[in-house]
Amino acid sequence: MSTVAQLAVVTGTCCNFHRTSKCLGFSFHNLTSVVATTRIRTATIRNRAKAPLSVTCSAAKPSSSTEISSTARIRSEVLTPFRSVRMFFYIAFVAQASLGGLIATTQLIGALANPSRADAVTDITKGLGIDIGAASLFAFLYYRENKIKNAQMARLSREENLSNLKLRVDEKKIITVSEFRGLARLVILAGPSSFITEAFRLSEMFTEQLIERGVLVVPFSTDGNAPTFEFDETEDMEELTNKRRRLWQLVPVLTPEWSEWLDDQKKLANVSPESPVYLSLRLDGRVRGSGVGYPPWNAFVAQLPPVKGMWSGLLDGMDGRVL
């Protein structure tokens with residue numbers, strides 16, 4: 001083929017390509033622009049892939065007090081191992097009594113429709129009454145057992161939420177409430193700074209006995225003011241002062257979470273949000289008692305056994321109402 005012919009073929013091919021590009025909705029210049037844009041985006045994606053990955057972590061929102069944790073469910077089963085068995089039998093008895101009542105109802109309808117069976121109406125009615133009474137009784141027992149179960153799991157769940165709250169022991173150490181299990185009986189005070197200061201003064205004469213019983217105080221000021229703790233710095237009172245510092249050394253950390261938990265407790269106990277309250281915990285971390293006003297330091301000394309010795313923990317949790 002001659003040079004002129006080859007040039008003609010190439011020119012025709014280019015013309016056909018130009019026409020095909022217009023049929024697809026692109027001009028040749030638009031197609032070039034699209035290809036260039038695609039190359040730029042590909043390069044950008046490659047550059048992003050080479051860049052270090054940046055991950056932002058946010059603190060998870062604490063679960064609501066109404067949510068029942070799996071740990072609370074397990075603890076409930078451990079504390080009352082035969083509750084599930086009782087509830088199963090209650091349901092079985094309700095079903096059996098309901099079936100008997102249904103059969104008795106059909107028999108009663110047949111007896112009323114047949115005059116020759118009028119003598120059996122009395123016996124069938126008695127049987128129907130027994131079935132209805134049995135079904136009602138076991139339904140009530142199941143309802144009561146289920147209500148107690150829900151209340152217990154809600155209480156255990158609140159205690160589990162409390163165990164996750166944090167306390168500052170000193171400037172370098174922050175631990176959760178759960179880490180005091182088996183080591184100390186915490187007494188949580190929540191109220192204005194003046195209430196905590198007065199509770200501090202009232203506890204002075206019981207300091208040694210409270211320390212022997214493993215009591216540690218968690219003062220939480222609800223008015224935002226720090227309570228004033230005055231310690232006797234004389235040499236004669238040095239040992240007692242050290243014990244008092246140890247008794248009142250804990251400081252709540254992340255106060256919004258403490259405020260939320262305490263507000264939920266007051267709401268459930270029908271206590272005014274402004275009322276100063278106290279809560280005492282057992283060695284195992286469960287709430288053993290609570291009340292409005294100053295904690296009964298003398299009652300703690302009289303009722304709690306020392307944490308050392310053969311009677312350690314024997315009477316723990318026997319006094320006070322459980323929330």
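Here the options are Leu210, Leu304, Leu281, the test is side-chain contact (heavy atoms from CB on, under 4.5 Å), and the partner is Arg185; only Leu304 passes. With respect to Val253, the side-chain contact (heavy atoms from CB on, under 4.5 Å) criterion is satisfied by exactly one of Thr176, Ile175, Ile174, Leu165: Ile174.
When atom types are taken as modelled, the side chain of Glu159 and the backbone of Val287 share a donor-acceptor pair closer than 3.5 angstrom. When atom types are taken as modelled, the side chain of Ser275 and the backbone of Val271 share no donor-acceptor pair closer than 3.5 angstrom. Without hydrogens or angle criteria, Arg213 side chain to Gln209 main chain gives a donor-acceptor distance under 3.5 Å. The backbone N or O of Glu238 sits less than 3.5 Å from a side-chain atom of Asn242, completing a donor-acceptor pair. Remark: the backbone N or O of Asp232 is paired with a side-chain donor or acceptor of Thr241 at under 3.5 angstrom. Under a 3.5 Å cut-off, the side chain of Thr222 and the backbone N or O of Gly191 do form a donor-acceptor pair. For Ser157 (side chain) and Met153 (main-chain N/O), no donor-acceptor pair under 3.5 Å exists by modelled atom type. Here the side chain of Trp261 pairs a donor or acceptor atom with the backbone of Arg158 at under 3.5 angstrom.
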*asked:* Between Gln249 and Asp170, is the side-chain contact (heavy atoms from CB on, under 4.5 Å) condition met? List the steps.
replied: CA-CA 8 Å; Gln249 66 179 334; Asp170 52 39; over 6 Å; no

task = Mind running side-chain contact (heavy atoms from CB on, under 4.5 Å) on Leu186 and Leu250 for me, showing each step along the way?
result = CA-CA 10 Å; Leu186 300 184; Leu250 301 179; 3.8 Å; yes

side-chain contact (heavy atoms from CB on, under 4.5 Å) between Thr125 and Val121, intermediate numbers included:
CA-CA 6 Å; Thr125 303; Val121 172; 3.9 Å; yes

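A continuous path of Ile, Leu, Val, Met, Phe, Trp and Tyr side chains, each step under 4.5 Å between heavy atoms, connects Tyr278 with Leu202, placing both in one hydrophobic cluster. Hydrophobic clustering, with ILVMFWY side chains joined whenever heavy atoms are under 4.5 angstrom apart, groups Ile91 together with Val85. Leu128 is not connected to Ile109 by any chain of hydrophobic side-chain contacts under 4.5 Å among Ile, Leu, Val, Met, Phe, Trp and Tyr, and they are in different clusters.
Put simply, the side chain of Lys173 does not reach to within 4.5 Å of the side chain of Arg168, judged on heavy atoms. For the pair Val301/Glu212, no side-chain contact is recorded, criterion being any heavy-atom separation below 4.5 Å from C-beta on. The side-chain heavy atoms of Lys266 and Val277, taken from C-beta on, include a pair separated by under 4.5 Å. Taking 4.5 Å as the limit, some side-chain heavy atom of Trp258 sits within range of a side-chain heavy atom of Val218. Under the 4.5 Å side-chain criterion, counting only non-hydrogen atoms from C-beta, Leu279 is in contact with Leu262.
Glu179 CD: more than 12 foreign heavy atoms inside a 6.0 Å radius.
Cation-pi check for Arg245 over Phe231 is met; the charged atom lies under 6.0 angstrom from the ring centroid and within 45 degrees of its normal.
Within the model, atoms CD1 of Ile196 and CZ of Arg201 stand 15.0 Å from one another, a figure rounded to the nearest 0.5 Å.
Ion pairing between Asp284 and Arg282 holds under the 4.0 Å rule for side-chain N and carboxylate O.
Side-chain contact, Gln152 with Arg83: a donor N or O sits under 3.5 Å from an acceptor N or O.
Between Ser221 and Ser193, the closest heavy-atom pair is OG-N, 3.7 Å. Closest approach of Ser259 to Phe220, counting heavy atoms only: OG-CZ, 3.2 Å.
Within the structure, ring-ring contact (aromatic ring centres under 6.0 Å, His included) pairs that include any residue of residues 97-146 comprise Phe93-Phe138 (at least two apart or interchain).
Trp248 meets the ring-ring contact (aromatic ring centres under 6.0 Å, His included) test with Phe200, Phe229; sequence neighbours excluded.
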